[in-house]
Participant: 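One structure, as structure tokens, below. Some questions next.
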Amino acid sequence: MLQLQFIVENKEKTIRGLQKKHFQNAEQFVEKIIHLDQERRQLIAQSNDIKNKINSLSREIGELFKSGKKEEAEKLKQQSTEYKNKEAELDKILKDVEQELHNVLVLLPNLPHDSVPEGKSAEDNEVVFQYGEIPSLPDSALCHWDLAAKYDIIDFETGVKLTGAGFPVYKGKGAKLQRALINFFLDQATQNGYTEIEPPILVNEASGFGTGQLPDKDGQMYFVNEDKLYLIPTAEVPITNIYRDVILKEEELPIKNCGYTPCFRREAGSYGKDVRGLNRLHQFDKVEIVQIAHPEKSYEVLEEMREYVAGLLKKLELPFRTVKLCGGDMSFASALTYDMEVYSAAQKRWLEVSSVSNFETFQTNRLKCRFKDKKGKTQLAHSLNGSALALPRIVAALLENNQTEKGIKIPSVLVPYTGFEWID
RNA sequence: GGAGAGAUGGCAGAGUGGUCGAAUGCGGCGGUCUUGAAAACCGUUGUGCCUUAACAGGCACCGGGGGUUCGAAUCCCUCUCUCUCCGCCA
């Protein structure tokens, strides 16, 4: 959530930022917020004034009772009641105004960083880095869903039977490959200074709100009605919410956490060829890295995280590119996002395998995650996260790019984890 | 699922209608002492909002919401959460 004070003090900047993100009617929204805020301040001033009067009257009445002057006290009581009625009226209006203000504020996406390119959709993203040879496979090369069937390692049909589409069953070497990747990613992260967290995979509403999934993505998360809990769409939610309502010490920053969890996404409304095989699932495994950083350091941290994720892909010997997302393609909460895309040789397309973002104060404002600076002032920290990595598309790319006549070659860094070199 | 207890400042823990934003202890910060540290002693120490250029002033917050009252941390209602015991159980 954007900070009200920032919007009021930086009206033009806010409007421009929202427009860059292709947020509709940015100007009207901002005008409305500024107007509501003015109204709010006025009401607060009036209400406080009356409360002040009531408070001093109460004190006087107390004194009068003590000294036995009951009649005078009764008089003041009446006066107090009048003030109270007036205050109740004001407070009702104030409550409505604040509610309205909150409702609007919550709809606004984060503002993009100055370096974010203009643009509407994925086509306008800026490729900032590319690595590796794009393999040329023979015409007989198979897509991963066919390879999965050929080697009997992923069973999509049984997943449909057990649960539904988008819930694959991994078998044999397929299952072991999942475990290997998870362990490899966690080991890499912890070797790079991240603390491993195993969080709950169901969270309450406050957590969903804290990282920005609610109310924006309500309907995209699975919800357990009986207990009012949400299945997490990413480990970012519980791991970042650890710092909800927390005031950190400046020297504790940056905080580096990582965690593996299954992720659950309803993906309501997305169908078609993009969802074939492992490309888009309702349940998948992911290792996430999360950092809480000092505002002055957060962009250095973002670069460090980007480098880290790139390093993982290099170790897995996958060709990839890094794109800086344009304003229109960025997520709701992000100020700057890099996507890492692995080239799938059989599908002949780039698959997003990681997304690394700086949220600046957008999440921490909701979370009330702050730190005390050297002057003893509390200020909002910055939060960042990235996938490191999401498994399904990595598996898809590994299967497709590494297919040979002999079988599928496992990258050497993974062999100690899988215990086998070939899927055959 | 049944029964009970509880929710107060960073933590522990007092406070059952008026000057309580809240005793006390611990912790934190500053100082005295010390070559330095520890101990001891002294002082200080919550958050948010509104007005203000600033000094300063005001308001709110004792789990959330509502009520009683001139006045609520304290009384009433309600919700949520936590703990204990029993039951069930990986």
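Quantities reported herein were computed from a predicted structural model and do not represent experimental measurements. Every chain is numbered from 1, with letters handed out A, B, ... down the list of sequences.
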Participant: From the list B/C59, B/C50, B/G48, which nucleotide is the closest neighbour of the side chain of A/T378?
Facilitator: B/G48
Participant: Any side-chain N or O of A/R41 under 4.0 Å from OP1/OP2 of B/C49?
Facilitator: no
Participant: Using the ring of A/Y151 (Phe, Tyr or Trp, six-membered ring only), decide whether A/K173 places NZ or CZ under 6.0 Å from its centre and within 45 degrees of its axis.
Facilitator: no
Participant: In the strands shown, is B/G71 matched to any nucleotide by a Watson-Crick or G-U wobble pair with both distances under 3.5 Å, and which?
Facilitator: none
Participant: Does OP1 or OP2 of B/C49 have a side-chain N or O of A/R40 closer than 4.0 Å?
Facilitator: no
Participant: Quick check on RNA chain B: between A/N52 and A/R370, whose nearest nucleotide comes earlier from the 5' end?
Facilitator: A/R370
Participant: Does B/C85 have a Watson-Crick or wobble mate here (both distances under 3.5 Å), and if so which one?
Facilitator: B/G2
Participant: Scan every strand shown for a Watson-Crick or G-U wobble partner of B/C61, both distances under 3.5 Å, and answer none if you come up empty.
Facilitator: B/G46
Participant: Is there a Watson-Crick or G-U wobble partner for B/U24 with both distances under 3.5 Å, and if so, which one is it?
Facilitator: B/A12
Participant: Using atom CG of A/N48 as one end and atom C1' of B/U52 as the other, report the distance to the nearest whole Å.
Facilitator: 15 Å
Participant: Which base, if any, makes a Watson-Crick or G-U wobble pair with B/A39, both distances under 3.5 Å?
Facilitator: none
Participant: For B/A56, what is the paired nucleotide under Watson-Crick or G-U wobble rules, both distances under 3.5 Å?
Facilitator: B/U51
Participant: Using a cut-off of 4.0 Å between protein heavy atoms and nucleotide atoms, how would you tag nucleotides 65-71 of chain B 5' to 3' with B, S and -?
Facilitator: -S--BBS
Participant: Under a 3.5 Å cut-off for both contacts, is B/A90 paired Watson-Crick or G-U wobble with anything, and if yes, with which nucleotide?
Facilitator: none
Participant: Let's test this: given Watson-Crick or G-U wobble pairing with both distances under 3.5 Å, identify the partner of B/A7.
Facilitator: B/U80
Participant: Measure from the side-chain heavy atoms of A/I44 and tell me the nearest of B/C50, B/G46, B/A60.
Facilitator: B/C50
Participant: What's the spacing between A/Y299 OH and A/H382 NE2 if we round to 0.5 Å?
Facilitator: 7.5 Å
